[in-house]
Number of protein chains: 2
Amino acid sequence: MTKNHPYLDEKVMTIKIVTEMTGLSERQVRYYEERELIFPKRNSSGTRMYSFSDIERLMDIAEKIEDGVRTRELRKDLF
Amino acid sequence: MTKNHPYLDEKVMTIKIVTEMTGLSERQVRYYEERELIFPKRNSSGTRMYSFSDIERLMDIAEKIEDGVRTRELRKDLF
DNA sequence: CGTGTAAGGAATTCTGACACG
DNA sequence: CGTGTAAGGAATTCTGACACG
């Protein structure tokens with residue numbers, strides 16, 4: 001799954017475009033970060049910046065959550 | 001030069017990240033659009049959204065301008 | 001636990017214009 | 001011609017909190 005993709009990991013999107021692309025709410029996106037499931041960067045002003053990888057990961061997370069999986073469990077799977 | 005690249009043409013970045021990635025000023029980026037050299041999309045609020053392709057094109061434009069080429073000439077080369 | 005919302009402040013973006021040349 | 005800037009408004013993002021459960 002590790003594609004050799006130049007722009008995939010560049011953190012260039014603000015949360016708004018992320019919610020539009022994933023269909024999730026800002027609240028959900030920030031919460032998944034709080035649960036350490038995604039790791040956006042912060043620009044000089046503190047605004048969260050996301051990559052296309054983050055978008056993909058968010059959609060994956062959302063699907064799992066819908067299936068009843070808890071964030072704690074998803075966090076574990078990172079290791 | 002037409003790479004088969006999934007995220008290359010997605011208009012997902014605001015002008016701020018564009019200026020950071022290209023080193024250009026907002027004024028320059030907007031002016032090149034006025035001269036019809038780049039074509040960002042607008043989100044529902046009117047904010048300009050750019051793609052990685054736009055970033056590459058902007059750097060190319062900037063280089064030409066520095067070399068003394070006029071925007072009028074660059075515009076012509078699009079056809 | 002996961003998500004919605006109101007609250008207030010800080011940072012972003014936009015347009016049209018004046019400036020220099 | 002190409003770019004800087006001040007001006008004012010509109011939209012964005014952030015945090016911490018209360019709510020439900």
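Remember, predicted model here, so these are calculated numbers, not experimental data. Residue numbers begin at 1 in each chain, while the letters A, B, ... track the order of the sequences.
The closest side-chain heavy-atom distance from R35(A) to R72(A) is below 4.5 Å. When side chains are defined from C-beta on, Y50(B) does not count as touching T14(B), because their heavy atoms never get closer than 4.5 Å. Contact check for T19(A) versus L24(A): no side-chain heavy atoms found under the 4.5 Å cut-off. The shortest distance between side-chain heavy atoms of D9(A) and F52(A) does not fall below 4.5 Å. In this structure the side chain of P40(A) never reaches within 4.5 angstrom of the side chain of M13(A), judged on heavy atoms.
Atom CG of L58(B) and atom P of dG2(D) are 15 Å apart (whole Å). Whole-Å rounding puts the E33(B) CD to dG16(C) P distance at 12 Å. Going from atom CE of M13(A) over to atom P of dT13(D) covers 13 Å, rounded to whole Å. Computed from coordinates, the I17(A) CD1 to dT13(D) P distance equals 10 Å when rounded to whole Å. Between I15(B) atom CD1 and dA11(D) atom C1' there is a gap of 15 Å when expressed in whole angstrom units. At whole-Å resolution of the value, CZ in R30(B) and C1' in dT13(C) are 6 Å apart. Rounded to whole Å, atom P of dG2(D) lies 14 Å from atom CG of L24(B). Distance, R75(B) CZ to dG2(D) P: 14 Å, rounded to whole Å.
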In B/S/- notation (B base, S sugar-phosphate only, - none; protein heavy atoms under 4.0 Å), nucleotides 3-10 of chain C written 5' to 3' is BBB-----

Encoded 5' to 3' (Watson-Crick or G-U under 3.5 Å; [ ] crossing; | other strand), DNA chain C becomes .||||.||.|.|.||.||||.

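Distances shorter than 4.0 Å separate none of the side-chain N or O atoms of S45(B) from OP1 or OP2 on dC14(C). When the side-chain nitrogen and oxygen atoms of R70(B) are compared with OP1 and OP2 of dG2(D), none of them lie within a distance under 4.0 Å.
More than 12 heavy-atom neighbours from other residues, nucleotides or ligands sit within 6.0 angstrom of CZ on R75(A).
The line from CD of E26(A) to CD1 of I15(A) is 5.0 Å long, rounded to the nearest 0.5 Å. Note: R48(A) CZ to F39(A) CZ = 13.5 Å, rounded to the nearest 0.5 Å.
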Quiz prompt | Verdict with supporting geometry, R30(B) and E33(B), salt bridge (charged side-chain N to carboxylate O under 4.0 Å, His left out) | solution = CA-CA 5 Å; R30(B) 296 201 189 99; E33(B) 174 187 0; over 6 Å; no

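Nucleic acid contact for R72(B): none, since no nucleic acid atom lies under 4.0 Å from a heavy atom of the residue.
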